[in-house]
Every structure is written in C-alpha cells, then in structure tokens.
K.L.:
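Okay, handing you the structure first.
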Amino acid sequence: MQKIRWFSAAKSSNILWLAAIVILAAALRIWLCSTDSYLHEWDERYHALVAKNLLLHPLKPTLYETPLIDYDYREWAKNHIWLSKPPLPLWCIALSLKFWGLTEWAVRFPSILFSLGSVLLTYKIGKQLFDEKTALFAAFFHAIHGLTLEVAVGRYSSDHVETMFLFWMELGVWLMVQYFSAPSSNRKYAFVLGLVTGLAFMSKWTAAFMLPFIWGTTALLLGRNALFRCIKDSFLFTVGLFLFAAPWVVYIVVQFPLEANFMVEGVFTPMKEVIQNHTGAWYFYLNEARIMFSELIYLPMLWLLWVAIKARSSAAEKSIGQVMLVCWVFVPLLLLSMAATKRSNYLLVAAPAFFMMTALFMRFILQK
C-alpha cells in the first residue's frame, strides 16, 4: 500500500510540474506579446499584411492589395501576388484577425498556441523515448528558450511561420516515435506522417523534407528490418504528403503561373546560392549551437554520439531513443551546413532535440 501511495504521489507531482512549466511558457509568451504594441519589421509586418488581405480572398495571397505602380513579381518584399511563404500559417493568422480584430495580439495569438503545443510535444516525445524527468527538464528548457520565444512573438525573422513549422516538425517526430515503437501496426503512422509532412510543407516549403530524411536515417541506423519496413511504407507516406501538399502547388501554378514558376524554380536555390547575403562557413551551425543552446553544448553532443554508438550493440528497442535523438540533432545540422544560405533560426527545427539531449546529459552528470 505504501508503494502504491508513493507512486500516486510521484505521478501527481509530475503532473503539477508539467502544469507549472506550461503556465510559465504561456506567461512568458503572453507577456512578450503584450509588451510590443507594434509589428516588427522583419518579417512580421509582411506576414500580417498578407494575412489581412487573405480575409478578403482566402485563396489569393497578396502583399500590395492594389499595386499603384509597376512591380517586379520576383521581389518578395515589393510584390502583388505573394508566394514567398506557404499559406497555412497565414490562414491561421487571418482566422485570428477575423476573431480578435486587426490588432497585434491577433497576429501573434496563433503562435502562442502553436508554441505551447510544441512545449507539450517536447514533453511527450521525451517521456516516450526516455523517462518522465528527462521529459520535464526538456519541456522546461523549451519553455524558457530565448530564440524560440523571440520567434513566437514576432521579434525575429520568419517569426510565426517558423513557430508553426516547428510544431508540425515535432508532431512528425512524435509520429516517428509511434512508428518505430509499434512495429506490428505502424503503417497508419507512416500515412499520418506523410499528412503532417504535407502540413509542414504548407508552412515552410521544402524545409519540411527534413522529416523524411530523419525518418529514413533513423530506420537505417536501427537495422535492416526497420529500413525494409520504412521502404515498404514509403508509398503510404508519399500518398499522405501529396494529399496536403499537391493541391496548393497545382492551384498556384494554374492561377498565378509567373509567380508560381519563379517560386518553384527558387525553392532549392538556398542550397546552392547565397540569398540576401546570409552566408557562413561550413561550421556556421556548429558555432551557432553554442549561442542558441549554451556554450557547453558540445559536451552533450559528443556524449550523445558515444551513448548511441554503445547502444548499437544492444537490442534495437533499447536504442530507439538514442538513435532518434542522434538523427534529430545531426541530420538537420548536416543538411543545413551543406546549404549555401545560412541563417540561425533554421537550426530551430532541431531545438527540441537539443533540449532533450541537454536534459539527458544533465541527468547523466547528476547520477554520476
């Protein structure tokens, strides 16, 4: 009886800690949103204006609603038809504007919800891959992380688009955890993962393809059975992806051929060309990691690699957590480092993995 009471008390305590973390995360985001009574120049003003115009015509994204002078459709900041970003985050902002009115708060409200959802997903993924305490530490790190907060409240470029994109990426990783944890009935997760990748694509174009890269690399490292299963289920994944991604692409190509063709041709341009002088050395993101996640982040990174290599000698079920975390940290790091265009906020796609890695390393040090 004493053991049962202790277990119940521990479970209740964990729920209270999680509630406190969510309240803290919400309070920080609401406070930061409320202290800025203006829209920020890059890129919040552009996103807000396009979202406002979407209230008039949801399927026609425009920046300058009525262009009074000639414009260049290739200039994203001086355009009429605006396809620089996919419409899903802008639709969410437009819906909020309709509900709350044309205010700064309405522009930022969807990001508060999606950002809180990301904190909860960090907890859920950490709990399933590792344990409750690691999940709570990781969720806490996510709740107070500086750049994540600045992006969510519009203070850093890509702002609300980046926030919503991170949510879909995390949801995709959570589905991968379900996929690899339930090998007997995992085909439905492959299909839903495709749907979520489609939603990520509708938030930030080709950056969404990091999800299948992480999925495939994880399967490769987990062994032959996982890899063959992943290859076999890739058809369902592709069907799910096209259900959400293809209709909008086809629509804009038909309705706005000039702008759409220019956008389609340019989606891979950042991989081979420097855009807007956003350049850096091959180690740019390795250097940014210490700024974004603490100066000592390289110790957890090396430790995680060592733990994952050791886990490879044990059963696959025991190594899923370490392998997935390695892939989530290092696959985006490698892909982003290969691109010619480099920006700090791009690394946010792996931020939850860095939080979990830091939490695991802290617990390892404390236990030792």
Side-chain angles (χ1 to χ4, degrees), residues 121-122 124-131 134-135 165-166 168-202 204-246 249 268 271 301 304-339 349-350 352-354 356-357 360:
L121 280 172
T122 297
K124 288 183 68 68
I125 296 169
K127 181 180 178 182
Q128 187 155 353
L129 286 180
F130 305 107
D131 55 65
T134 300
F165 173 69
L166 178 59
W168 298 121
M169 290 294 293
E170 273 208 84
L171 185 58
V173 172
W174 181 79
L175 287 166
M176 289 182 214
V177 174
Q178 311 310 309
Y179 179 87
F180 290 117
S181 301
S184 59
S185 58
N186 58 0
R187 303 196 73 187
K188 61 183 179 183
Y189 294 116
F191 176 71
V192 181
L193 177 59
L195 293 176
V196 171
T197 305
L199 290 169
F201 178 85
M202 289 290 286
K204 206 180 172 186
W205 297 129
T206 51
F209 294 130
M210 285 190 194
L211 274 175
F213 271 104
I214 296 171
W215 184 41
T217 308
T218 302
L220 178 65
L221 294 179
L222 284 176
R224 183 181 302 175
N225 291 337
L227 180 60
F228 285 165
R229 195 164 64 240
C230 181
I231 294 172
K232 183 173 64 175
D233 294 337
S234 60
F235 174 75
L236 286 173
F237 170 87
T238 305
V239 171
L241 169 63
F242 272 83
L243 280 176
F244 276 156
V249 174
F268 293 105
M271 291 296 296
M301 291 171 73
L304 177 63
L305 285 172
W306 173 68
V307 169
I309 291 170
K310 282 185 63 178
R312 287 284 294 157
S313 60
S314 61
E317 289 78 7
K318 296 180 181 179
S319 64
I320 287 176
Q322 291 88 350
V323 170
M324 282 210 66
L325 202 54
V326 165
C327 293
W328 196 0
V329 169
F330 290 99
V331 169
L333 199 60
L334 179 62
L335 292 175
L336 291 171
S337 297
M338 292 168 59
V349 69
F354 276 90
M356 288 178 217
M357 177 178 65
L360 278 173

K.L.:
Only pairs at least two apart or in different chains count here, so list each salt bridge (Lys or Arg N to Asp or Glu O under 4.0 Å) that has a residue in residues 204-227.
P.N.:
Glu162-Lys204
K.L.:
Considering residues at least two apart in sequence or located in another chain, which fulfil the ring pair (Phe, Tyr, Trp, His ring centres under 6.0 Å) criterion with Phe354?
P.N.:
Phe293
K.L.:
Tell me every residue that passes side-chain contact (heavy atoms from CB on, under 4.5 Å) with Val331, counting only those two or more places apart in sequence or in another chain.
P.N.:
Phe213, Ile214, Thr217, Cys327, Leu335
K.L.:
May I have all residue pairs that pass salt bridge (Lys or Arg N to Asp or Glu O under 4.0 Å) and include part of residues 212-222, sequence neighbours excluded?
P.N.:
none
K.L.:
Could you pull out all residues at least two apart from Thr238 that satisfy side-chain contact (heavy atoms from CB on, under 4.5 Å)?
P.N.:
Phe242
K.L.:
Among residues at least two apart in sequence or on other chains, which ones pass side-chain hydrogen bond (donor to acceptor under 3.5 Å, both in side chains) with Asp131?
P.N.:
Thr134, Arg363
K.L.:
Working note: Leu325 + Leu129, criterion side-chain contact (heavy atoms from CB on, under 4.5 Å); need CA distance, chi angles, decisive distance, verdict.
P.N.:
CA-CA 9 Å; Leu325 202 54; Leu129 286 180; 5.6 Å; no
K.L.:
So, using side-chain contact (heavy atoms from CB on, under 4.5 Å) as the criterion, who are the partners of Leu334 when residues are at least two apart?
P.N.:
Met338
K.L.:
Could you pull out all residues at least two apart from Trp205 that satisfy ring pair (Phe, Tyr, Trp, His ring centres under 6.0 Å)?
P.N.:
Phe201
K.L.:
Using the test side-chain contact (heavy atoms from CB on, under 4.5 Å), find all partners of Phe191 that sit at least two apart in sequence or belong to another chain.
P.N.:
Leu195, Leu236, Val239, Leu243
K.L.:
Tell me which one of Asp233, Ile231, Leu227 satisfies side chain to side chain contact (heavy atoms under 4.5 Å, CB included) with Arg229.
P.N.:
Asp233
K.L.:
For the residue pair Trp215 and Phe237, does the interplanar ring angle fall in the parallel (under 30°), tilted (30 to 60°) or perpendicular (over 60°) class?
P.N.:
tilted
K.L.:
From Leu166 CG over to Leu171 CG, what is the distance, rounded to the nearest 0.5 angstrom?
P.N.:
11.0 Å
